K.L.:
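Attaching a single structure in structure tokens format; questions to follow.
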Amino acid sequence: MKRNRIFVTRRIPEAGLEMLKEHFEVEVSPLDRDLTRDEILQMTAGAQGMVSMATDSIDKDCLNRLSGIQIIANYAVGFNNIDIDYAREKGIVVTNTPGILTEATADIAMALILCVARRIVEGDRLVRRGDFKGFYPTFFLGVELENKVLGIYGLGRIGKAVARKAVAFGLRILYHDVEPLDRESPDFPADYVSFDELLRKSDFLSIHVPLNDETRHRFTRKEFERMKDTAFLINAARGPIIREEDLVYALENRLIAGAGLDVYEFEPKVHPGLIGLENVVLLPHIGSAASEVRERMSLMVADNIIAFFQGKVPPNRVN
Ligand code: NAP
């Protein structure tokens with residue numbers, strides 16, 4: 001019997017590819033870079049399934065022109081790069097990779113919090129420049145975490161993991177989400193507040209919502225004006241949740257004290273205004289970039305595609 005063909009837009013760890021190869025003809029893009037729309041359309045011709053990256057924009061136009069694809073397994077937990085409602089209309093199933101990257105991404109948010117609070121990356125730059133002239137009491141002061149308020153915007157899987165880790169550092173947790181946690185988690189160490197209170201009360205504000213119509217540009221100059229001028233903003237979710245131009249304004253004008261970013265509005269471009277600022281830490285979108293995690297993600301996309309072609313509901317279907 002002819003085997004279904006699966007196209008993978010970018011090389012993923014071998015474990016998942018091997019699993020897919022047991023069931024399907026598998027083709028990985030030979031280009032090993034982000035593909036253009038036309039390249040995606042050409043390379044998926046004749047395929048019944050695809051593994052996409054968070055960097056592949058699969059909008060209405062793309063879905064209309066993808067012929068024969070029955071399932072798209074996104075190699076990410078976020079699926080803002082795919083029009084999942086339109087995919088459903090077209091009868092295309094979409095899956096994601098939730099849970100397995102939660103702790104690693106929460107680690108990156110904590111790392112950013114520590115880096116901005118204690119000026120760690122700035123300190124490293126100073127030492128490498130040869131500007132370390134010795135200890136003195138007023139040298140290179142940051143802020144301690146103990147008893148500061150960490151505001152979490154989006155207390156889902158990653159937001160909760162950040163809260164748990166942050167409690168160990170002595171941070172007090174406030175959060176805002178669509179609604180307060182259900183009664184099943186009465187002991188969770190975080191208090192629900194309005195979005196406005198989250199802005200006003202946070203010493204560190206860490207973003208963990210998905211990118212959607214409501215959260216796009218949720219942080220603009222107006223929100224920065226409501227934050228403490230001593231506060232730090234952390235984003236390890238998706239870049240366009242922050243209007244980057246306004247963040248640069250807020251940092252340059254000290255509306256807030258600093259920022260730690262893993263993601264950018266126009267990735268991989270970074271606003272030039274951020275590059276020269278000492279009070280920001282800039283990471284290259286590495287939230288889930290731990291080798292164990294990336295391997296588990298490869299197995300999860302394979303699991304979903306295999307289940308689909310066995311006639312089952314894929315375990316991580318999102319539409
Ligand atoms: P999750 O479990 O779905 O958590 C997201 C939380 O945000 C949920 O509680 C959700 O509530 C809430 N939310 C959604 N829209 C909201 C809104 N408008 N206002 C307030 N709260 C809202 O997802 P997760 O696994 O924690 O992942 C979160 C995001 O992190 C992903 O979508 C992805 O974009 C990002 N991420 C980034 C990296 C990286 O490499 N930097 C890695 C992994 C994930 P409901 O459940 O009620 O909708």
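Just follow the structure's listing: the first ligand is 1, and inside any ligand the first atom is 1. When a residue number appears, it is its place in the shown sequence, counting from 1. Computed from a prediction, not measured in an experiment: that's the story for all the values here.
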K.L.:
Check this for me, if you would: do R37 and D61 make a salt bridge, where the nitrogen-to-carboxylate-oxygen distance has to be below 4.0 angstrom?
P.N.:
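Looking at D61 together with R37, the answer is yes, because their closest N to O distance falls below 4.0 Å.
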
K.L.:
Test of understanding: given a 4.0 Å heavy-atom threshold, classify the contact between E214 and ligand 1 as side chain, backbone, both, or neither.
P.N.:
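Contact part for E214 vs ligand 1: side chain (C-beta onward).
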
K.L.:
Just to be sure I read this right, does ligand 1 sit under 4.0 Å from the backbone of V178, its side chain, both, or neither, counting only heavy atoms?
P.N.:
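It is both parts that get close, each with some atom under 4.0 Å.
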
K.L.:
Is ligand 1 under 4.0 Å from a heavy atom in the side chain of V77, in the backbone, in both, or in neither?
P.N.:
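Within the 4.0 Å criterion, V77 contacts ligand 1 through side-chain atoms alone.
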
K.L.:
Flag the pair E27 and R5 as a salt bridge only when some basic side-chain nitrogen lies within less than 4.0 angstrom of an acidic carboxylate oxygen.
P.N.:
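Here E27 pairs with R5 in a salt bridge, since their nearest N and O are under 4.0 Å apart.
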
K.L.:
Students should be able to answer this: which protein heavy-atom is nearest to atom 29 (C) of ligand 1, and at what distance?
P.N.:
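Residue, atom and distance for the closest contact: V209 O, 3.9 Å.
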
K.L.:
Below a 4.0 angstrom heavy-atom separation, can you tell me which part of H285, side chain or backbone, both or neither, approaches ligand 1?
P.N.:
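H285 to ligand 1: side-chain contact only, backbone stays beyond 4.0 Å.
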
K.L.:
Are Y264 and H271 an aromatic pair, judged by ring center distance below 6.0 Å?
P.N.:
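H271 vs Y264: aromatic centres not under 6.0 Å.
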
K.L.:
Would one find an N or O of N80, backbone or side chain, under 3.5 Å from an N or O of ligand 1?
P.N.:
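No, no N or O pair falls under 3.5 Å.
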
K.L.:
Looking only at protein heavy atoms, identify the closest one to atom 14 (C) of ligand 1 and say how far it is in Å.
P.N.:
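Minimum-distance protein heavy atom for atom 14 (C) of ligand 1 reads P210 CD, 3.4 Å.
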
K.L.:
Any sub-3.5 Å donor-acceptor pair from E122's side-chain atoms to R119's backbone N or O?
P.N.:
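The answer is no, because no donor-acceptor pair under 3.5 Å joins these two groups.
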
K.L.:
Tell me: protein heavy atom nearest atom 4 (O) of ligand 1, and distance?
P.N.:
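The protein heavy atom lying closest is G156 CA, 3.2 Å.
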
K.L.:
I'd like to know if E245 pairs up with R221 as an ion pair, taking the criterion as any Lys NZ or Arg NE/NH1/NH2 lying under 4.0 Å from an Asp or Glu carboxylate oxygen.
P.N.:
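Salt bridge flag = no for R221 with E245.
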
K.L.:
Do the side chains of E278 and R125 get close enough for a salt bridge, i.e. N-O under 4.0 angstrom?
P.N.:
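The answer is yes: the pair qualifies as a salt bridge.
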
K.L.:
Counting only heavy atoms, tell me which of A236, G287, A106, G154 gets closest to atom 37 (C) of ligand 1.
P.N.:
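Going through A236, G287, A106, G154 one by one, A236 has the nearest heavy atom to atom 37 (C) of ligand 1.
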
K.L.:
When the ring centroid of Y175 is compared with that of Y153, is the distance short of 6.0 Å?
P.N.:
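No: the rings miss the under 6.0 Å criterion.
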
K.L.:
Between D177 and ligand 1, which residue portion shows a heavy-atom distance shorter than 4.0 Å: side chain, backbone, both, or neither?
P.N.:
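It is both parts that get close, each with some atom under 4.0 Å.
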
K.L.:
State whether any protein heavy atom lies less than 4.0 Å from atom 46 (O) of ligand 1.
P.N.:
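False for atom 46 (O) of ligand 1.
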
K.L.:
Decide yes or no for I306 and M19: does some side-chain heavy atom of the first lie under 4.5 Å from some side-chain heavy atom of the second?
P.N.:
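Counting from C-beta outward, I306 and M19 do come under 4.5 Å.
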
K.L.:
Does the pair D196/K201 count as a salt bridge with the N-to-O cut at 4.0 Å?
P.N.:
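K201 and D196: not salt-bridged.
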
K.L.:
Salt bridge between E197 and R226, side-chain N to carboxylate O under 4.0 Å?
P.N.:
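Looking at E197 and R226, the cut-off is not met.
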
K.L.:
When you measure from atom 28 (C) of ligand 1 to each heavy atom in H208, K160, E179, which option holds the nearest one?
P.N.:
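Nearest option to atom 28 (C) of ligand 1, by heavy atoms: H208.
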
K.L.:
Answer side chain, backbone, both or neither: which part of Y153 comes under 4.0 Å from ligand 1, heavy atoms only.
P.N.:
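Answer for Y153: side chain.
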
K.L.:
For S288, state whether at least one heavy atom is located under 4.0 Å from any atom of ligand 1.
P.N.:
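Judged by the 4.0 Å heavy-atom criterion, S288 does count as contacting ligand 1.
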
K.L.:
Tell me: protein heavy atom nearest atom 15 (N) of ligand 1, and distance?
P.N.:
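The closest one turns out to be N212 ND2, 3.6 Å.
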
K.L.:
What protein heavy atom is closest to atom 17 (C) of ligand 1, reported as residue, atom name and distance in Å?
P.N.:
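Of the protein heavy atoms, T215 CG2, 3.8 Å lies nearest.
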
K.L.:
Got the closest protein heavy atom to atom 42 (C) of ligand 1, with its distance?
P.N.:
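For atom 42 (C) of ligand 1, the nearest protein heavy atom comes out as T105 OG1, 3.3 Å.
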
K.L.:
Is the centre of the F219 ring less than 6.0 Å from the centre of the F195 ring?
P.N.:
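Yes, the ring of F219 comes within the 6.0 Å limit of the ring of F195, centre to centre.
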
K.L.:
Is it true that D83 and K60 make a salt bridge, defined as a side-chain N closer than 4.0 Å to a carboxylate O?
P.N.:
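Salt bridge flag = yes for K60 with D83.
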
K.L.:
Do me a favour and list the nearest non-hydrogen protein atom to atom 27 (O) of ligand 1 with residue, atom name and distance?
P.N.:
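Checked against all protein heavy atoms, atom 27 (O) of ligand 1 sits closest to I158 CD1, 3.4 Å.
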
K.L.:
So which protein heavy atom does atom 1 (P) of ligand 1 come closest to, and at what separation?
P.N.:
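The protein heavy atom lying closest is R157 NH2, 3.7 Å.
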
K.L.:
Tell me which part of L155 gets within contact of ligand 1: side chain, backbone, both or neither, using heavy atoms under 4.0 Å.
P.N.:
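Under 4.0 Å from ligand 1, L155 contributes backbone atoms alone.
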
